[in-house]
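I have placed the structure first, in the form of structure tokens, so that the comments after it can refer back to it.
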2 protein chains.
Amino acid sequence: MLKIAVICIGDELLKGSTVNTNLTFIGERLTREGAPPVFAQEVPDTEAGISGALDRALAEADCIITTGGLGPTADDVTKEYIARRLGLRLEEDSETAIRIRQFWKMRHHTEEIPSRVFNQALVPVGAQVVPNEFGTAPGLILQGPGGRKIILLPGPPGELEPMFESGVLPVLREEIQSAGQVFTKLFRLAGAGETDVEDRTLEILGKRHPLTAAYCAEPGLVRLFLNSPDPFVLNEAAADVQTVFPKELIDPGSATLAEELIRLLRQEKAVMATAESCTGGLVAKLLTDIPGSSDVFLGGVVSYANEIKTGLLGVDPETLRKYGAVSPQTAVEMVQGLAERFRCDGAVSLTGVAGPGGGTPEKPVGLVYAGIFWRGETEVHELRLRRSRAQIRAWAAASAMNLLRLKILAK
Amino acid sequence: MLKIAVICIGDELLKGSTVNTNLTFIGERLTREGAPPVFAQEVPDTEAGISGALDRALAEADCIITTGGLGPTADDVTKEYIARRLGLRLEEDSETAIRIRQFWKMRHHTEEIPSRVFNQALVPVGAQVVPNEFGTAPGLILQGPGGRKIILLPGPPGELEPMFESGVLPVLREEIQSAGQVFTKLFRLAGAGETDVEDRTLEILGKRHPLTAAYCAEPGLVRLFLNSPDPFVLNEAAADVQTVFPKELIDPGSATLAEELIRLLRQEKAVMATAESCTGGLVAKLLTDIPGSSDVFLGGVVSYANEIKTGLLGVDPETLRKYGAVSPQTAVEMVQGLAERFRCDGAVSLTGVAGPGGGTPEKPVGLVYAGIFWRGETEVHELRLRRSRAQIRAWAAASAMNLLRLKILAK
């Protein structure tokens, strides 16, 4: 198997002001390709930090990917130090120079470019350039000692992610395949608990060899990774997953519950809307994260205050007075008022206590009511989520999307 | 300065199924103490992975902290491998044994404990035990080669975090202080570019010594870190930052733009609402991420479809026909319609082309109009964000919040 090491460069990663999602992204992509990283490091923006990490990685890995430190500021030193460590001179790359000029002009409406921004057009001799569509720092693929590839990528995820997909993966794929893969299949299971998934997966592991599994829970979804060096075993296991998780398994093309819900709505030629109190727009945000969601998502109301629930959603003030904002009655009136006003096939409403404050013995933090409307039928579900505010909101949003998904499938 | 290395153990960290928030937590705490980690590593749950990481860390660090691999399942091997690497025998710790019994009984209502759970009571000879209130795996403080401390902590953040605070920090604090600290101050600057921030910071670095800076950009905000071994220098530099960035510097108590906006609104005894098209609820989500936001945030409308813009926000269909949904005119009517209906002091509207599809030569992907309303006055701003869909949405949301913030401050 190709041994890939990841080096993430930046003080902010060690000082706790930035969570290293670049490692998560790269790790997940490489795992899918059959070569998860063998180890990763976070180091500061210093020559000692960077060359130390490079030495450690060169000692063990066939290929090295670095993130960060390619920007225009003084603490962006990755390129200089690695070029020096490899004994490579820097020279201007004309295409990159043009790109930077165009980008700067467009972003800042001026011809004048600070010289250190322009320094980003300097690349080590012999480097393969990975163009950056969303920033000025290009990615670089260098030949290290023993022909080992050293791949430099900028830190901002919005720049790194598309560059990794389009410029880096195709290059790595060849090397990974010639080095021998461990194949991984990822399955996303909606509305099941991690231990439940683990228990039900054991029967699959029992009858297929060689086969290993890994589990990862996120709000509303468990990701199940099956790994095998034998693609046939992996395909048989994939068939097993479909029979063991008939309701939970979502379409492999859907990376999130929101994407799966949008896929189903499109298939049904249906449109939906949202009415959110405790989740404050999170469901709408998750749906509109998906390009093209406007085909099936009309919009919604964030009814944080009661006046909005009555004014925009037509919830009866009497209902709020009698049962309170956090009640099955309010959830039902929210979703029905929404469906009427938006004239949609599907709708979800959420009202609950996200905390940390505002809980009472009868209505504790984590109590959430989800109203689900689908083509004339309404149902309401009670959720009890004993978690942090962020987790309560994330799980409530995921649950509402999954409940509508199941309602659509039940038809 | 005490050189601390962090080793995070677990396949899930390298396969991209878990984001390493333990590193963020430990890094932030150690930075506050004046000794940020010198480097960190993620390695798989294998003997090769763990002892390799330990060797790399021992070569450079005075103190090593490991996370993960202390649990009861088969892939929890950290304690065994490190004890073996240090040549330490395992023996039962009676207090831990009692603790595990009590915990198990309370959690599972049975006296029977699986032997693999009970293995967690075995600790290396001479280890200092850090009790675990929220799980069964104890933390361990070992003496490594040259008297260097090696601190083992369990992976679940809910267990690690309180153990680190109560059991580990007091021990480290002594060592950090005797080794000499580097102090760090974090400043958050809203609505400034990273290069602009660096330019203006150079004058501060020019007149204060010893002082170093690091920069980290996120949508709408640049984080500026100033570091010095001399707390007096750092305090003088902090005063400089206030004079150099009078408009940009936000309250140190605000970790995000949303938090700062909510703080200002509360100070003004004002309430606000949102009307979002291209951001699809993201601004509302960011505001309601903050506990207690209901004091100042009434709610909003996600007007993805034009019917919603006209129906719920009272945008004139003629305006949509003449100028289009993505236009300054529509942004203004959205924010004014919203402010009327919600009777609020402040309001923001966003309409734009988030992409990747839907762009035209006149209205390219990344063109966004932000309507800002504050106590009777309305203004509209044009944004041109050449980024990915996610980045366009994040920057549009941040810009709208910052524009309202500046409008409030201008009063």
Side-chain angles (χ1 to χ4, degrees), chain A residues 11-12 14-21 23-25 27-28 31 36-37 39-43 45 49 52-53 56 71-75 106-107 114 117 134 158 162 214 216 223 225 280-282 284-285 287-289 291-292 294 297-305 308 312 356-357 389-390, chain B residues 11-12 14-21 23-25 27-28 31 36-37 39-43 49 52-53 56 60 184 186 194-195 198 214-216 223 225 280-282 284-285 287-289 291-292 294 297-305 308 311-312 341 356-357 386-391:
Chain A
D11 288 359
E12 70 279 8
L14 290 163
K15 292 187 168 175
S17 57
T18 301
V19 185
N20 190 357
T21 54
L23 175 59
T24 322
F25 172 82
E28 201 265 349
T31 302
F39 79 109
Q41 305 174 74
E42 288 88 1
V43 292
D45 313 288
R56 289 188 290 271
T73 60
D75 59 350
M106 200 242 325
R107 178 76 61 89
V117 170
F134 301 104
C216 171
R223 275 176 299 161
F225 295 87
L282 178 54
K285 184 267 178 190
L287 289 167
T288 57
D289 279 340
S294 51
F297 181 64
L298 296 177
V301 172
V302 179
S303 55
Y304 227 48
I308 312 306
L312 265 71
R389 178 181 178 88
Chain B
D11 287 359
E12 69 280 9
L14 291 163
K15 290 190 165 174
S17 51
T18 300
V19 184
N20 190 358
T21 54
L23 176 59
T24 323
F25 172 82
E28 198 267 345
T31 301
F39 78 109
Q41 305 174 72
E42 287 87 1
V43 292
R56 290 188 289 271
E60 293 189 32
T184 296
L186 166 58
E194 192 176 7
T195 46
E198 189 187 17
Y215 313 88
C216 177
R223 274 171 297 160
F225 297 86
L282 178 55
K285 185 265 179 193
L287 290 168
T288 56
D289 279 340
S294 51
F297 181 65
L298 295 178
V301 172
V302 179
S303 56
Y304 227 49
I308 312 305
L312 265 70
R341 281 161 182 67
R386 183 161 176 277
R387 297 179 170 88
S388 67
R389 177 181 179 88
Q391 288 286 305

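Proteins come first, then strands; the chains are lettered A, B, ... in the order of their sequence lines, and each starts at number 1.
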**Report entry** Listed partners of B:Ser388 passing side-chain contact (heavy atoms from CB on, under 4.5 Å), at least two apart
**Finding:** A:Phe134, B:Ala390, B:Gln391
Query raised in the report: Taking C-beta and beyond as the side chain, do B:Phe225 and A:Asp11 meet within less than 4.5 Å on heavy atoms?
Result: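 No - every pair of side-chain heavy atoms lies 4.5 Å or more apart.
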Query raised in the report: Is there a side-chain contact between B:Phe297 and A:Val302 (heavy atoms, below 4.5 Å)?
Result: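 SC-SC contact between B:Phe297 and A:Val302 confirmed.
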Query - Most chain A-contacting option - heavy-atom pairs closer than 4.5 Å, from B:Leu287, B:Thr18, B:Asp289 - result: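 Ranked by heavy-atom pairs under 4.5 Å with chain A, first place is B:Asp289.
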Report task. Name the option with the most non-hydrogen atom pairs under 4.5 Å to chain A; the candidates are B:Asn20, B:Leu186, B:Leu23. Result -> B:Leu23
With a 4.5 angstrom heavy-atom cut-off, could you sort out which part of [X] is near chain A: side chain, backbone, both or neither?
X	value
B:Thr24	both
B:Ser294	both
B:Glu12	neither
B:Leu14	both

Query raised in the report: Can you list the residues that meet the salt bridge (charged side-chain N to carboxylate O under 4.0 Å, His left out) rule with B:Arg389, with sequence neighbours excluded?
Result: none
Report task. Look up atom CG in B:Leu312 and atom CG in A:Leu312, then write down how far apart they are to the nearest 0.5 Å. Result ->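 It comes to 4.5 Å.
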**Report entry** Shortest non-hydrogen contact between B:Lys285 and A:Gly281, atoms and distance
**Finding:**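 Nearest pair, atom of B:Lys285 first, then A:Gly281: CB-C, 4.3 Å.
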